[in-house]
Chemist: 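Before anything else, here's the structure in question.
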There are 2 protein chains.
Amino acid sequence: MKNLTEMLKGVLEGVVLQKIQTGETYGYEITRYLNELGFDDIVEGTVYTILVRIEKKGLVEVEKKKSELGPARKFYTLNAKGKQELNDFWLRWSFLEKKMNEIKEQRDV
Amino acid sequence: MKNLTEMLKGVLEGVVLQKIQTGETYGYEITRYLNELGFDDIVEGTVYTILVRIEKKGLVEVEKKKSELGPARKFYTLNAKGKQELNDFWLRWSFLEKKMNEIKEQRDV
DNA sequence: TTTCACTACCTCGTAATACTATATAGTATT
DNA sequence: AATACTATATAGTATTACGAGGTAGTGAAA
């Protein structure tokens, strides 16, 4: 999907938090997940930026583990604050989704 | 709704375009509309920057008309390019909404 | 053994966008 | 005269995703 960049602002971080909550994961894997999901244009740089940010915000715990395939991986897990933030994120999303549907209905009026 | 700012990026412009398509309107009225809809924190400055932007992009026609209540109003209407852009906007939104629902379903898995 | 592919992380600079704050001005009411 | 409401405008700021590049480990092919 083209021109999605601006629409992803304020959304992508929540998606990453959700992915982490679903199960311990790391940057490279998150990028692959997003690409497979259909967010083709999301590159590693974008994901790492988000990971640095959520770590600075204190939303995650980080653990470095060796990989058999390459360099060590940095695994992320949500802490209490991260779970709270994820919950708030979905509340924001639901609000927006509801409002957008109200607006959308005027489309063919 | 708090902390909605980032999530509105890439969305608000589309909402404004939709409002204009629904019927000839102007900045002050658009701001009131958004506030009534539940986007309480959106102020006039935000709307006017969007209006300047979509005019520069050539998505709208502008007509100045006198008002009985105050200074003259600048009325906006969508042109062909604006209608195309609005259509593209809803396609982007639908894509994102669909993907977000897929992601959201993992929440309680 | 060296070259390539894949895995994996990191960071600087840029563009786009919403918001803050402030200014200007017309009309009506008190 | 002062206030409230209507109405437009813009310069500066913060946040965010992205582009472009760099570093490094492992294993397979050349």
Side-chain angles (χ1 to χ4, degrees), chain A residues 1-17 24-36 39-57 59-60 62-76 85 89 92 96, chain B residues 1-17 24-36 39-57 59-60 62-76 85 89 92 96:
Chain A
M1 178 63 64
K2 295 178 82 174
N3 299 328
L4 208 64
T5 298
E6 290 304 324
M7 212 177 260
L8 288 175
K9 289 187 180 177
V11 175
L12 213 45
E13 182 178 308
V15 172
V16 169
L17 288 175
E24 187 186 57
T25 186
Y26 55 97
Y28 191 78
E29 190 176 56
I30 293 169
T31 310
R32 293 291 150 268
Y33 163 77
L34 291 170
N35 293 155
E36 278 169 31
F39 298 110
D40 304 325
D41 296 336
I42 292 175
V43 294
E44 282 140 22
T46 301
V47 173
Y48 287 112
T49 311
I50 293 168
L51 291 173
V52 169
R53 196 161 72 225
I54 63 180
E55 189 181 351
K56 275 187 187 166
K57 284 184 186 172
L59 306 178
V60 287
V62 191
E63 200 186 347
K64 211 164 191 173
K65 292 183 185 176
K66 280 183 184 171
S67 163
E68 314 85 36
L69 289 170
R73 298 165 175 165
K74 277 179 77 176
F75 282 90
Y76 293 83
E85 174 54 36
F89 166 76
R92 283 197 299 277
L96 182 61
Chain B
M1 177 64 63
K2 294 178 83 173
N3 298 329
L4 207 65
T5 298
E6 289 304 324
M7 212 177 261
L8 288 176
K9 288 187 179 175
V11 174
L12 213 46
E13 182 178 307
V15 172
V16 169
L17 289 175
E24 188 187 57
T25 186
Y26 55 97
Y28 191 78
E29 190 176 57
I30 294 168
T31 310
R32 293 292 149 266
Y33 163 77
L34 291 170
N35 293 155
E36 277 170 32
F39 297 110
D40 304 324
D41 297 335
I42 292 174
V43 293
E44 284 133 20
T46 302
V47 173
Y48 287 112
T49 46
I50 293 169
L51 291 173
V52 168
R53 196 161 72 225
I54 63 179
E55 189 181 352
K56 275 187 186 165
K57 285 184 186 172
L59 307 178
V60 288
V62 190
E63 200 186 346
K64 210 162 191 173
K65 293 183 184 176
K66 281 183 184 170
S67 165
E68 314 87 35
L69 289 170
R73 297 165 175 163
K74 278 179 74 176
F75 282 89
Y76 293 83
E85 175 53 37
F89 166 76
R92 284 198 299 277
L96 183 61

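Residue numbers start from 1 in every chain, and the chains themselves are labelled A, B, ... in the order their sequence lines are given, proteins ahead of strands.
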Chemist: According to a strict under-4.0 Å criterion, is A/Lys66 in side-chain N/O contact with OP1 or OP2 of C/dA8?
Modeler: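 Answer is no, no contact under 4.0 Å.
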Chemist: Select from B/Ser67 and A/Tyr76 the residue whose nearest nucleotide in DNA chain C is closer to the 5' end of that strand.
Modeler: A/Tyr76
Chemist: Would you say NZ of B/Lys65 has more than 12 non-hydrogen atoms from neighbouring residues, nucleotides or ligands within 6.0 angstrom?
Modeler: yes
Chemist: So A/Glu68, base contact, sugar-phosphate only, or nothing? Heavy-atom distance under 4.0 Å.
Modeler: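 It contacts sugar-phosphate atoms only.
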Chemist: For a 4.5 angstrom cut-off between non-hydrogen side-chain atoms, does B/Arg92 reach B/Phe89?
Modeler: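 Touching, per the 4.5 Å side-chain cut-off.
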Chemist: For A/Tyr48 and C/dC10, give me the distance from atom OH to atom C1', rounded to whole Å.
Modeler: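 The answer, rounded to whole Å, is 8 Å.
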Chemist: Got a salt bridge between A/Glu44 and A/Arg32, using NZ or NE/NH1/NH2 to carboxylate O under 4.0 Å?
Modeler: yes
Chemist: Strictly under 4.0 angstrom, non-hydrogen atoms only: write out the protein contact profile of nucleotides 11-16 of chain D, one letter per nucleotide from the 5' end, B, S or -.
Modeler: ----BB
Chemist: Rounded to the Å, how far apart are A/Tyr28 OH and D/dG25 P?
Modeler: 17 Å
Chemist: Figure out the CG/P separation between A/Leu96 and C/dA18, and round it to whole Å.
Modeler: 12 Å
Chemist: Tell me the interatomic distance from B/Asn35, atom CG, to D/dT6, atom C1', rounded to whole angstroms.
Modeler: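 Atom-to-atom, B/Asn35 to D/dT6, this comes out as 14 Å.
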Chemist: To the nearest 0.5 Å, what is the distance between CD1 (A/Ile30) and CG (A/Leu12)?
Modeler: 10.0 Å
Chemist: Starting from P on D/dT8, measure out to CZ on B/Arg73 and report it in whole angstrom.
Modeler: 8 Å
Chemist: From CE of A/Met7 over to P of C/dA18, roughly how many Å is that when rounded to an integer?
Modeler: 10 Å
Chemist: Please check the phosphate of C/dA18 (OP1 and OP2 only) for any side-chain N or O of B/Thr5 closer than 4.0 Å.
Modeler: no
Chemist: Is the shortest side-chain heavy-atom distance between A/Leu34 and A/Val15 below 4.5 Å?
Modeler: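 The answer is yes; the side chains approach within 4.5 Å.
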Chemist: Measure the shortest side-chain to side-chain distance between A/Leu8 and A/Phe39 over non-hydrogen atoms and say whether it is less than 4.5 angstrom.
Modeler: yes
Chemist: Nearest whole angstrom, please: distance from the C1' of D/dT6 to the NZ of B/Lys74.
Modeler: 16 Å
Chemist: Not counting sequence neighbours, which residues clear ring-ring contact (aromatic ring centres under 6.0 Å, His included) with A/Phe75? List them please.
Modeler: A/Tyr26
Chemist: Would you write out the dot-bracket form of DNA chain C, 5' to 3', with Watson-Crick and G-U pairs under 3.5 Å, [ ] for crossing pairs, | for pairs to other strands and . for unpaired bases?
Modeler: ||||||||||||||||||||||||||||||
Chemist: Scan B/Leu51 against the nucleic acid and name what it touches under 4.0 Å (heavy atoms): base, sugar-phosphate only, or nothing.
Modeler: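 Since no nucleic acid heavy atom lies under 4.0 Å of B/Leu51, the category is nothing.
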Chemist: If you assign each of A/Glu44 and A/Leu69 to its closest nucleotide in DNA chain D, which residue comes earlier from the 5' end?
Modeler: A/Glu44
Chemist: Taking NZ from B/Lys64 and C1' from D/dA9, how many angstroms apart are they, rounded to a whole number?
Modeler: 10 Å
Chemist: Nearest to the side chain of A/Thr46, which nucleotide is it out of D/dT6, C/dC19, D/dC18?
Modeler: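 For the A/Thr46 side chain, the nearest candidate turns out to be D/dC18.
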Chemist: What's B/Ile50 touching, base or sugar-phosphate or nothing? Going by heavy atoms closer than 4.0 Å.
Modeler: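 It contacts sugar-phosphate atoms only.
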Chemist: Treating B/Asp40 as the side-chain partner and B/Met1 as the backbone partner, does any N or O pair qualify as donor plus acceptor under 3.5 Å?
Modeler: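 No; judged by distance alone, with no hydrogens or angles, the pair does not exist.
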